[in-house]
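Worksheet: one structure, shown below.
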Amino acid sequence: MPRFFARTFLLLTIAVLHPATAQNAMTSPAPEPAYGPELEGYDYPYPVHQFEFSSQKQTMHMAYMDVKPKSSNGRVIVLMHGKNFCSATWKASIDVLEDAGYRVIAVDQIGFCKSTKPQLYQYTFQQLARNTHALLESLSIQKPTLVAHSTGGMIAIRYALMYPASTNQLVLVNPIGLEDWKAKGVPSISVDQWYERELKTNADKIRQYEQNTYYAATWSDSYEPWVQMLAGMYRGPGKDLVAWNSALLYDMIYTQPVYYEFEHIAVPTLFLIGDKDNTAIGKDLAPPSVQAQLGHYPALAKQAVARIPGAKLVEFADLGHAPQIQNPATFHTALLKGLLASPSADPK
């Protein structure tokens, strides 16, 4: 019997005897999405605006969402994403904050998501803070509250150090940079080596890493869209440029600690920390004895709070690196309470 007819006969036989099995056998797996280097093809939950500006002799654009409440309380929140996140991942938080009367600006930093990914750029936290400040000035926003997650926390800390008079409050959600990985023994690798690592990024690797690090060894189908959002850029036509910018950003994170300047933060600061987080940049490069010393967030957060004048800490005992995604209800209750405890800025 020809192979085609044999396979068809087999599937028909299965369909009669085991309908559910037949359905699975004849259904092709869902195609995995591929996006452009600026997340072309991926829709954000709110309209995306572009802030065009010149930086390092280049014309660039920063993508952002500007969500205004129906009834304003006069305060502005700037949401700052992490290394493996985009402003779209703040969707649940945007909704909660909008309902509470906050105007919300959710930004994609240069090198990330829907913003410019330059071939050549000297990435520094100072530069990213300046870019963000220029965007806010263009919107006539003078003194926002920064709510910053992961790598966004390092940018927000630098922003608050550079622009204390323009920062109403700093809310740090499992920020990285609470330790100096290089000083603790994580070995240095070159940008070219970071690039080679990033070229191997795929959905399975992202999912495994996020399960182990971001979500305290748990998994939910609700996390999968964020995996596919990120992995889609590494499947698309601009994957080399995405990987190159990611490599430059990892080098920035590793070589530019904010850890030594906590005492100089002069704005009200709140830490919202999932205690089961174990994030540490380059941990897998380090020997086991060094790995064992890294990413102890309960201790790191307490040490940071003790060094920042007037800082406060809220811990989530059972949550990991992304508490705003893992348990939105618990996280947003703490966030809104912490925002209400802060002095209000001038309305904008």
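Predicted model only: the values in this text are computed from it and were never measured. Only heavy atoms go into these numbers, but all of them, side chains included; no hydrogens, no water, no symmetry mates.
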Do side-chain atoms of Lys283 reach the backbone of Gly295 as a donor and acceptor pair under 3.5 angstrom? no
Any chance you could measure Thr269, atom OG1, to Leu313, atom CG, to the nearest 0.5 Å? 12.0 Å
Should Leu340 and Leu270 be counted in the same cluster of Ile, Leu, Val, Met, Phe, Trp and Tyr side chains packed under 4.5 Å apart? yes
Does anything in residues 281-340 pair up under disulfide (SG to SG under 2.5 Å), and if so which pairs, sequence neighbours excluded? none
So do Gln293 and Glu179 actually touch side chain to side chain, heavy atoms under 4.5 Å? no
Quick check: are there more than 12 heavy atoms from other residues, nucleotides or ligands sitting under 6.0 Å from CD of Gln126? yes
Can you tell me how far the OG1 atom of Thr116 sits from the CD atom of Gln58, to the nearest 0.5 Å? 8.5 Å
Centroid-to-centroid, Tyr214 to Tyr209, below 6.0 Å? yes
Separation between OG of Ser150 and CD1 of Ile281, rounded to the nearest 0.5 Å: 7.0 Å
Roughly how far, to the nearest 0.5 Å, is CZ of Phe125 from CD1 of Ile157? 9.0 Å
Looking only at heavy atoms, which two atoms of Thr279 and His321 are closest? And how far apart? OG1-ND1, 3.2 Å
Consider only side-chain N and O atoms of Asp180 and Tyr260, and report whether a donor and an acceptor are under 3.5 Å apart. yes
Under 3.5 Å, is there a donor-acceptor pair between the side chain of Glu224 and the main chain of Asp221? no
In the structure I gave you, are the side-chain heavy atoms of Phe271 and Ile308 within less than 4.5 Å of one another anywhere? yes
If you count every heavy atom of other residues, nucleotides or ligands that lies below 6.0 Å from Lys312 atom NZ, does the total exceed 12? no
Could you label the plane-to-plane angle of the Tyr163 and Tyr159 rings as parallel, tilted or perpendicular, counting under 30° as parallel and over 60° as perpendicular? tilted
State, with a plain yes or no, whether a side-chain heavy atom of Val305 is found less than 4.5 Å away from one of Lys302. no
Measure across Asp192 and Trp244 and return the closest heavy-atom pair with its distance rounded to 0.1 Å. OD1-CZ3, 3.9 Å
Please answer: with hydrophobic residues joined when any side-chain heavy atoms are less than 4.5 Å apart, are Leu120 and Leu248 in the same cluster? no
Go through Arg197 and Ile189 one step at a time and tell me if the side-chain contact (heavy atoms from CB on, under 4.5 Å) criterion holds. CA-CA 11 Å; Arg197 285 163 59 98; Ile189 63 173; 3.7 Å; yes
Using every non-hydrogen atom in the two residues, find where Ser246 and Glu198 come nearest and quote the distance to one decimal. OG-OE1, 2.6 Å
Tell me if a side-chain donor or acceptor on Lys114 pairs with a main-chain N or O of Val48 at a distance below 3.5 Å. no
Do Tyr121 and Asn245 have side-chain atoms, one donor and one acceptor, less than 3.5 Å apart? no
Go through the steps for Trp181 and Ile253 under the test side-chain contact (heavy atoms from CB on, under 4.5 Å), then give the verdict. CA-CA 10 Å; Trp181 310 286; Ile253 295 167; 3.6 Å; yes
What are the two closest non-hydrogen atoms of Ala160 and Val267, and how far apart are they? CB-CG2, 4.1 Å
So do the side chains of Gln127 and Gln122 get within less than 4.5 Å of each other, counting heavy atoms only? no
Please answer whether the main-chain N or O of Tyr123 pairs with a side-chain N or O of Gln256 as donor and acceptor at a distance below 3.5 Å. yes
For the residue pair Trp194 and Tyr250, does the interplanar ring angle fall in the parallel (under 30°), tilted (30 to 60°) or perpendicular (over 60°) class? parallel
Point-to-point distance, once rounded to the nearest 0.5 Å, from NE2 of His61 to CG of Leu135: 13.0 Å
Is a salt bridge present between Lys91 and Asp95, judged by a nitrogen-to-oxygen distance below 4.0 Å? yes
Under the criterion side-chain contact (heavy atoms from CB on, under 4.5 Å), I'd like the reasoning laid out for Ile77 against Leu339: C-alpha separation, chi angles, the key distance, then a yes or no. CA-CA 10 Å; Ile77 304 291; Leu339 293 172; 3.9 Å; yes
Are Thr330 and Pro323 close enough that some pair of their side-chain heavy atoms sits under 4.5 Å apart? no
For the residue pair Gln109 and Met80, establish whether any side-chain heavy-atom pair is separated by less than 4.5 Å. yes
Any side-chain to backbone donor/acceptor pair from Tyr46 onto Ile94? Under 3.5 Å, distance only. no
I'd like to know if the side chain of Ser71 and the backbone of Gly101 have a donor-acceptor N/O pair within less than 3.5 Å. no
Would you indicate whether the side-chain heavy atoms of Trp219 and Arg207 approach each other to under 4.5 Å? yes
Is there a donor-acceptor pair under 3.5 Å between the side chain of Thr333 and the backbone N or O of Ala329? yes
One should read off an interatomic distance between Met229 CE and Phe85 CZ, to the nearest 0.5 angstrom, of 8.0 Å
Is there a donor-acceptor pair under 3.5 Å between the side chain of Gln291 and the backbone N or O of Ala286? yes
Tell me, with the steps shown, if Tyr223 and Gln326 meet side-chain contact (heavy atoms from CB on, under 4.5 Å). CA-CA 8 Å; Tyr223 310 152; Gln326 191 177 3; 3.4 Å; yes
Can you say whether the rings of Phe316 and Phe331 are parallel (under 30°), tilted (30 to 60°) or perpendicular (over 60°)? tilted
Whether the side chain of Asn174 engages the backbone of Ala322 through a donor-acceptor N/O pair (distance < 3.5 Å, no angle test) should be reported. no
Counting only N and O atoms by type, is there a donor-acceptor contact under 3.5 Å from the side chain of Arg103 to the main-chain atoms of Asp66? no
Atom of Pro69, atom of Ser72 and distance for their closest heavy-atom approach: CG-CA, 3.8 Å
Should we say atom NZ of Lys83 is surrounded by more than 12 heavy atoms from elsewhere, each under 6.0 Å from it? yes
Consider side-chain contact (heavy atoms from CB on, under 4.5 Å). Of Val107, Val78, Asn131, which one does Leu136 pass it with? Val78
Is the Lys NZ or Arg CZ of Arg130 less than 6.0 Å from the centre of Phe53's six-membered ring, within 45° of the axis? no
For the hydrophobic clusters of this structure (ILVMFWY residues joined by side-chain heavy atoms under 4.5 Å, transitively), does one cluster hold both Leu241 and Tyr195? no
Any non-hydrogen side-chain atom of Pro175 less than 4.5 Å from a side-chain atom of Ile273? yes
Distance-minimising heavy-atom pair for Pro118 and Ile110: CD-CG2, 4.0 Å
Does atom NZ (Lys184) have a neighbourhood of more than 12 heavy atoms from anything else shown, all under 6.0 Å? yes
